[in-house]
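This report concerns only the one structure given below.
Counting starts at 1 for both ligands and their atoms, following the listed order.
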Amino acid sequence: MATPAPNERLCRNFIDGEWVASRSARVVERRNPANLDEIVTLVPLSTPEEMRQAIEAARKAFPSWRDTPAPARGRILARAAQLMEQRKEELARLLTREEGKTFKDALGEVIKSVRVLEFMAGEGTRLAGETMPSDLPKNFAYTIKQPMGVVGLITPWNFPVSIPVWKIAPAIVAGNTVVLKPSTFAAQTAAKTLELLAEAGVPAGVINMVVGSGREAGGTLVEHPDVRAVSFTGSNAVGSGIYHTGAERMKKCQCEMGGKNPLVVLRDADLELAADATVFGAFASTGQRCTATSRVVIEEGVADRFVEMVVSRAKKWKVGNGLELDVDMGPAVNEQQIETDMRYIEMGKGVAKLVLGGERLAGGAWDRGYFVSPTIFDHVARDSSLAQDEIFGPVLSVVRVKDFDEAMDVANSVKYGLSSSLYSNDAARIFAFIDRIETGITHVNSPTVGGEAHLPFGGMKATGVGMREMGHGALDFFTEVKSVYIDYTGSRRETRAY
Ligand code: NAD
């Protein structure tokens, strides 16, 4: 039985079923980005040795977890789903205080994680291979899916409940044991999530967590010879390094990275619906979702009217501390992110038309946090850095185009390929868009954000390498396939049929 995580602010590591204090003397403070007077978490920068202990605990726990029947492994996830459902508000409040997103967004994230746990619980009964007819008489041929061993999971700050859950759940239901390295910007939320899983009955050593710096704790996890596979979500800069290191060591790697998601509006679209979706996609969670709408690509004929509609909606958004229930948009996650937001905003003022926002908010409670106004640039050039780079803040670029073909061209002109959306009622164009858009997820007449637990999630091009996450296919990354041939002729094989 795991010891409960202590409630104090100091984040502990979870190794072999115990919450243990790091021996590292280096500790970073995580303050509430909406109220910098509040220290939410103290995060020790754990040593490589502590990471190695966690990997060793996972290695030792593997044989008996592998031999636990998959449906029984799944039932533990089902219990975790129930516990998370019961404590969703408590977890969401911590998430808001530590990461900054509004309570409503945080609650949505926790509920999504419950759905992932429920779906993955059932995967324990569906972990099936295939049977195939053998080309030989009296031979039985089939495949089985088997776990790999210890898997390393590295996660970002922007979904500190659901991303750890959507990696841990398929990894452990498949029979692997894991070590999680969460982001230091939301480590306590990740710890609470693990606490629920442990309470649900995941045995000691099956899930472990070590907090610390990316380079040291994360780097040790990626490089360690006992770690068979690495599933990473985060920036392209870090992900490409992990992919490289993994390739050198012949590890299976899955990297889900940035996005620059277009919402395409054609002249026949329902502009009211499209405007609602644009504002929600661009500014919910402060634009800090990998699937956030960062570009609107719109046919010139309806652009003036549409931009006005979007601006008038976004103007009504209340920016502030996400714990206040009437707040629509919380702060940037940290100093570095608000600096990035402001750098792009200042640069944008010189090259595009600023039609809303464009400032760091000051005065009253805003002075205690990292607040930026919802910002919209119109007449953005398709190849400018405003239209090409992932800013990861509440900064929307409108790119005007002459027709559908140019819209497709612009939508596909970025290096990323995560999510997209089309607003139109023209069936031929809707299907042409679905065929030609280079994103792993696409929406028709709905926002770029969101994804359901039982559908694959991930991107094309520079967004994603490795296999998709979530859905039934998530298990493919976390398993090895073994082909089995059983000969029941009882006789020596004289000739081969192939
Ligand atoms: P990040 O790359 O800075 O950090 C992600 C994780 O990697 C953190 O835990 C960090 O400590 C760790 N890390 C950093 N350097 C490392 C190293 N050298 N070796 C091993 N680990 C290391 O990303 P972030 O700022 O936390 O998250 C924002 C990014 O995540 C955005 O680019 C966003 O688009 C992306 N994201 C993508 C998806 C997706 O599914 N495609 C989902 C959410 C977020």
Minimum-distance protein heavy atom relative to [atom]:
atom: atom 35 (C) of ligand 1; value: G234 O, 3.2 Å
atom: atom 2 (O) of ligand 1; value: S235 OG, 2.6 Å
atom: atom 10 (C) of ligand 1; value: K181 NZ, 3.7 Å
atom: atom 31 (C) of ligand 1; value: E390 OE1, 3.5 Å

Select one of side chain, backbone, both or neither to describe which atoms of [X] lie under 4.0 Å from any atom of ligand 1, heavy atoms only.
X: I154; result: side chain
X: F232; result: side chain
X: F185; result: neither
X: I242; result: side chain
X: N236; result: neither

Please compare G458, G212, G214 and report which has the shortest non-hydrogen distance to atom 20 (C) of ligand 1.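 It is G214 whose heavy atom sits nearest to atom 20 (C) of ligand 1.
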Who gets closest to atom 39 (C) of ligand 1 by heavy atom: P182, S419, P160, C290?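 Among P182, S419, P160, C290, the closest heavy atom to atom 39 (C) of ligand 1 comes from C290.
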Backbone or side chain, does any N or O of [X] fall under 3.5 Å from an N or O of ligand 1?
X: T463; value: no
X: T155; value: yes
X: E469; value: no

Please find out if less than 6.0 Å separates the ring center of F478 from that of W166.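 Here the rings of W166 and F478 have centres that are no less than 6.0 Å from each other.
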Heavy-atom contact check, 4.0 Å cutoff: does S183 meet ligand 1?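 It does, in that a heavy atom of S183 comes within the 4.0 Å cut-off of ligand 1.
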Please confirm whether F159 approaches ligand 1 to less than 4.0 Å, judged on its heavy atoms.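 Not so, F159 does not reach ligand 1.
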Is the Lys NZ or Arg CZ of R126 less than 6.0 Å from the centre of F119's six-membered ring, within 45° of the axis?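 Pair R126/F119 counts as cation-pi.
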Identify, by atom number and element, the atoms of ligand 1 in contact range of G219, meaning under 4.0 Å from any of its heavy atoms.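 This gives 19 (N), 20 (C) as the contact atoms.
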Evaluate the criterion salt bridge (Lys or Arg N to Asp or Glu O under 4.0 Å) for residue pair K145 and E480; output intermediate values, then yes/no. CA-CA 6 Å; K145 288 184 183 169; E480 296 280 14; over 6 Å; no
